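Numbers here simply count residues along the sequence, with the first being 1. This is a predicted model, so every value here is computed, not measured.
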Amino acid sequence: PILYSYFRSSCSWRVRIALALKGISYDLVPVNLIKDGGQQFSAEFKALNPMQQVPALKIDGITLSQSLAIINYLEETHPNPRLLPQDPKKRAQVRMIADHIASGIQPLQNLSVLNQMGEKKMEWAQKCITSGFQALEQILQHTAGCYCVGDEVSMADLCLVPQVANAERFKVDMSPYPTIARINKALLALEAFKTSHPSRQPDTPAELRA
């Protein structure tokens with residue numbers, strides 16, 4: 001497999017965690033979203049992913065984009081350890097939380113949107129993340145065990161950790177979200193979350209390396 005990734009992309013990070021958890025080795029091709037006006041806009045990368053976004057994963061003779069679609073494919077082709085619970089209710093909760101982050105928070109504060117916001121960049125990102133986290137904190141109070149849904153790492157957790165990192169980068173006050181903070185801390189102690197961390201990628205700038 002070949003993963004096209006950017007060290008700081010939260011969507012790429014989700015996929016890196018999934019690959020690490022499932023023990024799938026891969027080659028990483030960095031796509032710098034800032035350098036050269038954004039390498040994702042090159043003709044070469046557009047041919048690979050017409051949406052001009054990372055991640056993209058070449059695997060089993062196909063190229064997939066969209067992090068949740070990639071994670072679902074990995075789940076179906078490499079079922080262990082599972083990232084979707086067997087219980088239909090818990091599985092629905094996992095998907096709900098993953099969608100809440102991947103559709104309801106992250107796209108509103110990603111690079112392409114922030115570039116449109118000019119000087120209000122930071123304020124906008126904080127607002128989007130805060131409103132999303134207020135809802136998420138309430139949801140997790142009903143679903144969480146050690147992790148987002150019960151005591152098994154799931155696709156929801158793969159979305160949570162990169163989003164908390166975004167929140168910290170945009171200086172969001174995390175004190176109103178004790179459940180989110182507790183789960184995030186527990187997940188960051190796991191090896192798959194450490195090895196896939198933005199501070200430990202081949203394209204991480206020297207000053208941001210762990």
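- Q163 has its side chain out of reach of L160: every pair of non-hydrogen atoms, C-beta onward, lies at least 4.5 Å apart.
- The distance from the CD atom of E168 to the CD1 atom of I129 is 10.0 Å, given to the nearest 0.5 Å.
- Atoms CD1 and CG, from I71 and L83 in turn, are 7.5 Å apart once rounded to the nearest 0.5 Å.
- Y4 and S12 make their closest contact through O-OG, 4.4 Å (heavy atoms, listed as atom of the first residue, atom of the second, distance).
- To the nearest 0.5 Å, the span separating CZ on F193 from CG on L158 amounts to 5.0 Å.
- The CG atom of L108 sits 6.0 Å away from the CH2 atom of W124 when rounded to the nearest 0.5 Å.
- Residues A156 and C148 approach most closely at CB-CB, 3.8 Å, considering heavy atoms.
- A side-chain donor from one of E137 and Q141 sits under 3.5 Å from a side-chain acceptor of the other.
- Side chains of Q53 and Q66 form a contact here, defined as non-hydrogen atoms less than 4.5 Å apart.
- For the atom pair CD of E44 and CD of Q39, the computed distance is 9.5 Å after rounding to the nearest 0.5 Å.
- By the side chain to side chain contact (heavy atoms under 4.5 Å, CB included) test, K194 is found to be paired with E191, R200, residues two or more places apart in sequence or in another chain being considered.
- At a threshold of 4.5 Å between non-hydrogen side-chain atoms, the residues V153 and P81 do not count as touching.
- Between L3 and P55, the shortest heavy-atom distance links the atoms CD1-CB, 3.9 Å.
- Residues I101 and P162 are not in side-chain contact: their nearest non-hydrogen atoms beyond the backbone lie 4.5 Å or more apart.
- Q109 is not listed as a side-chain neighbour of V113, based on a closest heavy-atom distance of 4.5 Å or more.
- Rounded to the nearest 0.5 angstrom, T204 OG1 and Y6 OH are separated by 9.5 Å.
- Using a 4.5 Å heavy-atom threshold, the side chains of Y26 and R16 count as touching.
- There is no side-chain donor-acceptor pair under 3.5 Å between Q86 and E152.
- The heavy-atom pair separating A192 from A20 by the smallest distance is CB-CB, 3.7 Å.
- Under the side chain to side chain contact (heavy atoms under 4.5 Å, CB included) rule, L84 has a single partner from M155, E76, K90, which is M155.
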